[in-house]
Amino acid sequence: MPFPVNTPVEKMTGPYAKRWSALIVLCLSLLIVVMANTSLIVAAPAMTTDLGLSSSDLQWVIDGYTVPYAALMLVLGSIGDKYSRRGALVTGLLVFAGGSVMGSLVDETGLVITARAIMGVGAAVVMPATLSLLVAIFPRRERAKAITAWTATSGLAIAVGPLVAGWLLKDHAWGSTFLINVPIAVVAVFGALALVPPSKAAGMGRIDFVGGLLSIVSVGSLVYATIEGPHFGWGTGPIAAAVAAGVGLVGFVAWELRHPHPMLDVRKFRLRPFSGSMLAVLFFFFGTFGAIYYATQFLQFVLDYDALETGVRLLPLAGAVFVGAAVTGRLTPKLGVRAMVVSGMVIGTAGVFLLTRVDTGSTYADFLAPMMMLGFAIGLSVSPATDTIMGSFPESELGVGGGANDTALELGGSLGIAILGSLLGTAYRDELTDLVGGNLPAAALETAKDSVGGGLAVAGQVAKDPAGGAQQARALVEAVHEAFAHGVVQTSLVGGIIMAAGTLIVFAVLPGRKSSADAADAADAADAADAEGAERSEGTEGSQGSDESAGSAGSAGSEKAAPLEEYSDASR
C-alpha cells in the first residue's frame with residue numbers, strides 16, 4: 001500500500017476498503033479538538049494562580065478558542081470542499097499543534113489567549129473536514145453507524161479531557177495540558193496521509209467569499225457579544241458586536257438568496273428535517289455544555305475534588321454516551337429521527353432539572369444521575385440529527401454541511417456557557433452579598449463576589465488574618481458554598497426551561513416518521529444502486545481493486561442526487 005494514499009474518493013469504484021481505519025483517524029482528530037476546551041476546565045485554577053488571571057482574563061483564555069472556532073467553520077469547510085478535504089484536515093491539525101506548542105511555552109496572558117485563538121483556527125479547519133470526509137468515504141447504508149461513532153467521540157472527549165488534564169496536573173504545570181495535543185495531532189496527520197483518501201468537490205465553481213465574510217461577521221460578533229455582555233456589562237463593545245451580528249445576519253441571508261452559488265443555501269431552512277435538526281443541536285448543546293461547565297466547578301470548588309478526581313468522576317458521562325449511541329444505532333431505523341432526537345432532548349432536559357436539587361449538603365451522588373442522563377442523551381439524539389443535517393447536502397457541499405452542523409454545535413455550547421454562566425455568576429453574587437455583605441471589607445467582598453474561587457481565596461486570607469481566624473474563615477467558606485449552590489439551582493431552573501422550550505420547538509418542526517417515508521425510500525434506492533454498482537464492478541474488474549481502487553463511488557458519485565429534493569417531500 002503506497003504512502004500516502006493517492007486515489008481520490010471520487011475515482012473509486014466501490015466502498016473504500018480501509019474506511020473503518022480511516023474513521024479512527026477522523027475520530028482521533030475530533031477528540032483533541034473537543035478536548036482542548038474540556039481539559040481547560042480543570043486546568044483553569046492552576047492557570048489563574050500562576051498567571052494571576054482576572055475573571056475577564058480567564059474568560060478570554062477559554063473563549064479565545066471559541067470565537068474563531070465558531071466563526072470560521074462554514075468558510076473553511078467550503079475551502080476544504082473546493083481544494084482538498086484531506087489537505088484541510090492535515091493543515092488544520094498542524095495549525096492546531098502549532099498553537100498548542102505556543103500555549104505550552106508562553107507565560108503571559110495575552111500570548112496564552114493568542115495561542116488559544118490559533119488553536120481555534122486549526123479546530124475550525126479540522127472539525128468540518130472530519131465530517132465531510134466521513135460522509136464522502138462511507139456509503140449511505142453505513143453512514144449512520146460512522147456518524148454515531150463520530151458523535152460518541154465528542155462525548156468521550158468531554159470526560160477524557162478533564163481526566164487527562166487532571167493526570168498531567170498531578171506532576172506537571174498547566175502548560176502540559178496544551179502539549180499533550182501535539183503527539184496526538186502528529187499521529188493523526190500521519191494516519192490521515194496513510195489511511196484517509198483525498199477528496200474534493202467536483203465542479204464546485206467559485207467560493208462565495210462575500211457570503212463567507214458575512215457569516216464570519218455574524219457568528220463571530222454574536223459569540224463575542226454573548227461572552228462579553230453578560231459577564232462584563234453591556235458597554236459599547238458588546239452592543240456594537242450585537243448590532244454587527246444582526247446586520248451581518250440580514251446581509252448574509254439577502255446575499256445568499258441572490259447568489260447563484262451561495263456559501264450556504266439558506267432555503268434549506270425551509271426543510272423541516274434540516275431546520276429541526278439544526279435547532280436540536282443548538283438547543284441541546286446550549287443546555288448540556290452549560291450544565292457540565294458549572295457542575296464541574298461544583299465538584300472542584302465545593303466538593304473539593306482535585307483535577308484528576310474531577311476527571312475520573314466525569315467518566316460515567318462518557319460511558320453513558322456510548323450506551324446512548326448503541327441504542328440510537330438500533331432504534332433510529334425503526335422509530336425515526338424525530339422520536340430519537342426528541343427523546344434525547346427530553347432526557348437531557350430532565351437531567352438539567354435534576355440539578356435544581358443541589359444544596360450545600362450535596363455529594364457526588366447527586367451529580368451522577370444528571371451527568372449520566374446528559375451523556376445518554378448526547379449519544380441518543382446528536383447522531384441522528386447530525387446524519388440528517390449532512391444528508392441535506394450534496395457531495396459538492398459536504399464541507400459546508402459539516403461547517404453548518406459544527407457551527408450549530410459550537411454556537412449552542414458557547415451560548416450555554418456564556419448565558420448560563422452569567423446567570424450563575426449573578427445569582428452567586430446576589431446570594432453572597434445577602435449572606436456576608438456586612439461582614440467583609442468592600443475590597444474583600446468584591447473579590448469574593450467575582451467567582452467561587454475568589455470567595456475561597458478570600459476565606460484563606462481571613463484564616464491567616466489575626467483579626468479574622470479559622471471560625472470566620474469557615475463561616476465565609478460555608479457562605480460561598482451556599483451562594484454557589486443557590487446559583488446552580490437558579491441556573492439549572494432557567495437552563496431546564498430553555499431546553500424544554502427547545503424540545504417542544506424541535507418536536508413541532510421535525511417531521512414524523514410517516515412524513516419522512518419518501519426520503520427513506522429514496523435512501524434505500526440509493527443503497528440498492530450502490531450495492532448493484534459494486535457487484536458489477538467486482539464482476540468486471542476481478543481482484544485488481546487495491547486499497548485505493550476499492551473505494552466509495554456510492555458515497556461520492558451516485559449520492560450526488562440532491563438530498564434537497566428528497567427532504568422537500570418530507571417537509572411538505
Side-chain angles (χ1 to χ4, degrees), residues 30 33-38 41 62-63 65-67 69-71 73-74 120 123-124 127-128 131 147 150-159 161 219 222-223 226-227 275-296 314 317-318 320-321 324-325 328 340-352 355 370-371 373-390 402-421 491-492 494-503 505-506 510:
L30 173 67
V33 166
V34 180
M35 278 176 52
N37 255 351
T38 59
I41 294 174
I62 295 171
D63 292 314
Y65 181 81
T66 301
V67 174
Y69 184 16
M73 277 192 282
L74 198 62
M127 192 82 159
L131 257 184
I147 289 179
W150 185 91
T151 302
T153 302
S154 298
L156 177 66
I158 293 174
V219 177
L222 176 60
V223 174
T226 305
I227 293 168
S275 57
S277 296
M278 288 284 286
L279 286 170
V281 171
L282 181 72
F283 277 112
F284 189 82
F285 280 95
F286 176 93
T288 54
F289 270 45
I292 291 169
Y293 174 72
Y294 58 74
T296 304
L314 289 177
L317 184 148
V321 171
T328 202
M340 303 312 297
V341 170
V342 172
S343 295
M345 293 185 72
V346 168
I347 293 170
T349 300
V352 174
L355 292 172
M371 292 294 102
M373 291 171 71
L374 287 170
F376 183 77
I378 290 172
L380 196 66
S381 63
V382 176
S383 174
T386 297
D387 193 20
T388 301
I389 291 168
M390 294 302 295
N405 177 85
D406 300 335
T407 299
L409 186 157
E410 187 63 25
L411 184 60
S414 301
L415 294 175
I417 292 175
I419 294 174
L420 296 183
T491 305
S492 298
V494 174
I497 291 172
I498 293 173
M499 281 194 71
T503 302
I505 294 171
V506 170
L510 276 177

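Positions are given from 1, in the same order as the sequence printed here. Values reported hereafter were calculated over all heavy atoms of this structure, with side chains retained and with hydrogens, waters and symmetry mates removed.
- Counting heavy atoms from C-beta outward, Asn37 and Glu410 have side chains that approach closer than 4.5 Å.
- Partners of Tyr294 according to the ring-ring contact (aromatic ring centres under 6.0 Å, His included) rule, which considers only residues two or more places apart in sequence or in another chain, do not exist here.
- Heavy-atom minimum distance, Ala385 versus Ser277: O-CB, 3.5 Å.
- Taking OH of Tyr69 as the start and OG1 of Thr407 as the end, the distance is 9.5 Å to the nearest 0.5 Å.
- The distance from atom CE of Met35 to atom CG of Leu30, rounded to the nearest 0.5 Å, is 11.0 Å.
- Thr38 places a side-chain N or O within donor-acceptor distance of the main-chain N or O of Ala157, the cut-off being under 3.5 Å.
- Closest non-hydrogen pair, Val352 versus Ala291, comes out as CG2-CB, 4.2 Å.
- Contact between Val223 and Ala70 at its shortest, heavy atoms only, is CG2-CB, 4.1 Å.
- Residue Ile419 holds its CD1 atom at 11.5 Å from CD1 of Ile417, rounded to the nearest 0.5 Å.
- Residues Trp150 and Leu131 approach most closely at CZ2-CG, 3.6 Å, considering heavy atoms.
- Note that CD1 of Ile497 and OG1 of Thr349 are 11.0 Å apart. Values are rounded to the nearest 0.5 Å.
- A 4.5 Å side-chain heavy-atom check between Leu317 and Ile292 finds at least one atom pair inside the cut-off.
- The two residues Tyr293 and Gly421 make their nearest non-hydrogen contact at CE2-CA, 4.5 Å.
- In this structure Phe285 satisfies the ring-ring contact (aromatic ring centres under 6.0 Å, His included) test together with Phe289, sequence neighbours excluded.
- Between Thr151 atom OG1 and Leu156 atom CG the span is 12.5 Å, to the nearest 0.5 Å.
- The side chain to side chain contact (heavy atoms under 4.5 Å, CB included) with Leu380 is formed by just one residue from the set Val342, Val346, Val341, Thr328; it is Thr328.
- Thr226 contributes atom OG1, which lies 4.0 Å from atom CG of Leu222 (distance to the nearest 0.5 angstrom).
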Apply side-chain contact (heavy atoms from CB on, under 4.5 Å) to Ile378 and Ser154, showing your working. CA-CA 9 Å; Ile378 290 172; Ser154 298; 5.8 Å; no
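- A pairwise comparison of heavy atoms in Thr66 and Ser414 identifies CG2-OG, 2.6 Å as the closest pair.
- Checked by atom type and distance alone, the side chain of Ser381 pairs as donor or acceptor with a backbone atom of Ala377 at under 3.5 Å.
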